[in-house]
2 protein chains.
Amino acid sequence: MLPVKGVKMRIALDAMGSDGAPVPDVQGGVQAARRFGQEIILVGREEVVRAELAKHDTTGLPISVVHAGQVIEMSEHPSQAVKDKPDSSIVVGMRLVRDGQADAFVSMGNSGGMLAASLISAGRLGRIPGVRRPALSSIIPNLTGYSFMLDIGANTDCQPAWLAQFAVMGAAYARQVLGIANPRVGLLSSGEEETKGSEVVQAAHQLLKGLGLNFVGNVEGKDIPAGLADVVVSDGFAGNIAIKTAEGTAKMLLATIKAEIKARPLAMLGGLLAKPALAAAGKRLDYRQYGGAPLLGVNGVVIVGHGRSDALAVENAVGVAINAVDKRVVEVITQEIAASQASLGAEA
Amino acid sequence: MLPVKGVKMRIALDAMGSDGAPVPDVQGGVQAARRFGQEIILVGREEVVRAELAKHDTTGLPISVVHAGQVIEMSEHPSQAVKDKPDSSIVVGMRLVRDGQADAFVSMGNSGGMLAASLISAGRLGRIPGVRRPALSSIIPNLTGYSFMLDIGANTDCQPAWLAQFAVMGAAYARQVLGIANPRVGLLSSGEEETKGSEVVQAAHQLLKGLGLNFVGNVEGKDIPAGLADVVVSDGFAGNIAIKTAEGTAKMLLATIKAEIKARPLAMLGGLLAKPALAAAGKRLDYRQYGGAPLLGVNGVVIVGHGRSDALAVENAVGVAINAVDKRVVEVITQEIAASQASLGAEA
């Protein structure tokens with residue numbers, strides 16, 4: 001990602017979001033300010049954030065702090081938490097975007113809380129006109145690069161038209177922000193044929209055919225890592241299971257390989273020699289390089305990162321936000337959702 | 001698996017099942033007859049099967065052939081195919097079990113066809129009394145061994161009570177056939193808390209709590225490879241996606257590691273030295289060692305293997321069938337489904 005020249009942006013960054021907050025969040029913010037040259041607004045308990053900032057050389061960097069006295073923990077029930085904590089960093093950050101004081105909000109915190117804050121909190125951004133349900137997304141590595149997947153957990157039980165809207169939004173994001181000219185959109189199912197899958201997925205398949213997207217049909221679980229689609233559309237239940245199964249399988253396999261290498265002296269030497277290759281393979285699967293992924297369908301740029309993020313992941317998540325603002329993704333999605341209403345009819 | 005001494009069994013084996021049929025199927029059958037000392041009934045086009053058998057030394061081995069003039073291809077629509085092809089190897093094999101001429105049926109063929117044949121074909125076995133829906137299952141490797149997962153594709157849209165029955169059947173199979181004394185049963189969901197997941201899964205969670213199983217609660221996608229449950233219960237849609245995502249991710253990661261090793265001369269030497277370790281890790285993930293998994297809930301032992309099976313996988317699938325017959329798994333499931341009716345009430 002290159003710095004966006006000549007554009008003045010203000011990116012609100014949750015200083016209290018990650019599991020290790022505020023350390024990686026603040027450090028990532030400082031690094032992002034240095035790398036991208038855009039203003040970073042750190043949102044969190046002011047004295048905590050300033051104390052953390054003092055550990056870094058921030059001379060000349062465009063960093064400001066907005067106080068938010070409360071924190072929503074990972075374990076909290078999202079909608080209850082955003083109601084109970086109107087001064088939480090998540091709600092305050094969202095409000096900065098709604099009120100035009102920031103161009104985007106980035107957090108490594110409770111993703112359900114981000115969704116709830118965007119819809120029902122004191123800082124609610126609301127939905128893009130026509131959008132039935134916002135979707136949480138993720139980058140998922142594959143054999144040739146990566147795919148963009150949505151929904152991964154915001155909506156467990158979906159209607160067919162919601163899935164169709166996820167496809168419209170995902171394709172727009174892939175084209176605008178990920179730079180994929182004509183993204184292949186796949187519908188996650190339990191078989192390739194259009195008659196395979198749950199009733200909802202079968203109905204969504206028919207809707208997707210009429211949207212003018214580069215719809216490649218159903219994709220199966222194995223097709224995600226094989227890279228058969230650039231955008232993988234799913235309900236939040238199956239999408240969550242797919243992405244967590246992929247993460248867990250990669251972790252399990254790498255652990256197994258390491259254990260098998262350790263059990264063999266000669267292989268251990270081999271493992272040492274092969275280490276850079278294993279590290280490179282591991283890096284391909286490292287979520288930190290992708291930083292974060294958008295909450296799509298809300299009326300502003302909102303990027304959610306991994307709770308386990310380190311400073312690099314935070315820095316990259318800010319980069320994702322800057323890119324999304326620069327490419328006017330909310331504007332484009334607004335247009336394309338409006339255009340899709342004709343095909344989706346009263347269903348969406 | 002040890003030969004079962006002093007028991008006379010007859011295992012029907014589909015000679016036309018695998019992608020490479022009849023070669024691996026017949027060879028696997030010959031190997032199984034030699035290894036287990038039980039009778040193998042090869043089911044398929046007699047002249048084809050006998051010609052294939054002639055390539056092996058079968059002196060003294062208990063192998064017979066039952067003619068079936070038709071073959072159901074992998075690409076065929078299951079229920080249509082079993083209706084159109086009453087003389088297919090899948091239907092004939094199923095009939096042998098129903099009519100008491102075989103103790104089990106094993107096939108590497110069309111799994112949907114196996115399900116349809118067990119329920120609606122001329123050879124229908126029917127369901128165990130009280131079972132609402134039979135489930136397809138699979139062994140899925142994890143960090144410490146393997147888990148048993150069902151359903152993986154027979155039933156895409158499920159009712160809560162069906163999932164509860166899958167749990168009862170899966171636990172019985174794990175205990176009887178896999179030798180796990182007190183199997184941990186997990187319910188696949190998009191979050192650990194019992195309020196997470198689709199409406200069906202949330203309702204199933206409540207039913208599962210009342211069944212007297214070792215129910216460990218919801219498990220997420222990442223918990224499958226981590227080995228947090230011995231039995232993973234799912235609807236066929238999410239289960240299919242999880243298992244195929246796991247397979248595809250493992251394949252993708254191994255391919256990535258190989259490519260990264262090839263790109264580095266020193267790592268290539270390391271890769272050579274580490275090869276036995278990588279092979280051992282790969283073997284842990286190799287479906288061939290598990291052979292096949294049962295179609296549970298039908299009134300007989302039916303084992304379905306992978307279409308890509310080689311002779312070793314076929315041989316092991318026959319071993320799974322022998323073990324299931326020996327451990328009287330159908331009888332035990334019949335009892336436990338009957339016992340669960342009280343808890344599941346009118347729902348099941």
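Note that the coordinates shown come from a computational prediction; the quantities given were computed from them, not determined experimentally. Chain A is the first sequence line, chain B the second, and so forth, proteins listed ahead of strands; every chain is numbered from 1.
- Proximity to chain B is limited to the side chain of V201(A), based on heavy atoms less than 4.5 angstrom apart.
- Shown here for P225(A) and G248(B), the closest heavy-atom pair between the two residues is CG-C, 3.3 Å.
- Contacts of L143(B) with chain A are made by both backbone and side-chain atoms, with heavy-atom separations under 4.5 Å.
- For the set A250(B), G221(B), P141(B), the entry with the most heavy-atom pairs within less than 4.5 Å of chain A is G221(B).
- For the set G197(B), G191(B), G153(B), C158(B), the count of heavy-atom pairs under 4.5 angstrom toward chain A peaks at G197(B).
- Residue A226(B): no heavy atom, backbone or side chain, is found under 4.5 Å from chain A.
- Contact annotation: the side chain of I241(B) never approaches that of I224(A) to less than 4.5 Å [non-hydrogen atoms, C-beta and beyond].
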What are the atom names and distances for all donor-acceptor pairs below 3.5 Å between chain A and chain B?
from	atom 1	to	atom 2	distance (Å)
D157(A)	OD2	E199(B)	N	2.9
E199(A)	N	D157(B)	OD2	2.9
E220(A)	OE2	K244(B)	NZ	2.3
K222(A)	N	K244(B)	O	3.3
K244(A)	O	K222(B)	N	3.3
K244(A)	NZ	E220(B)	OE2	2.3

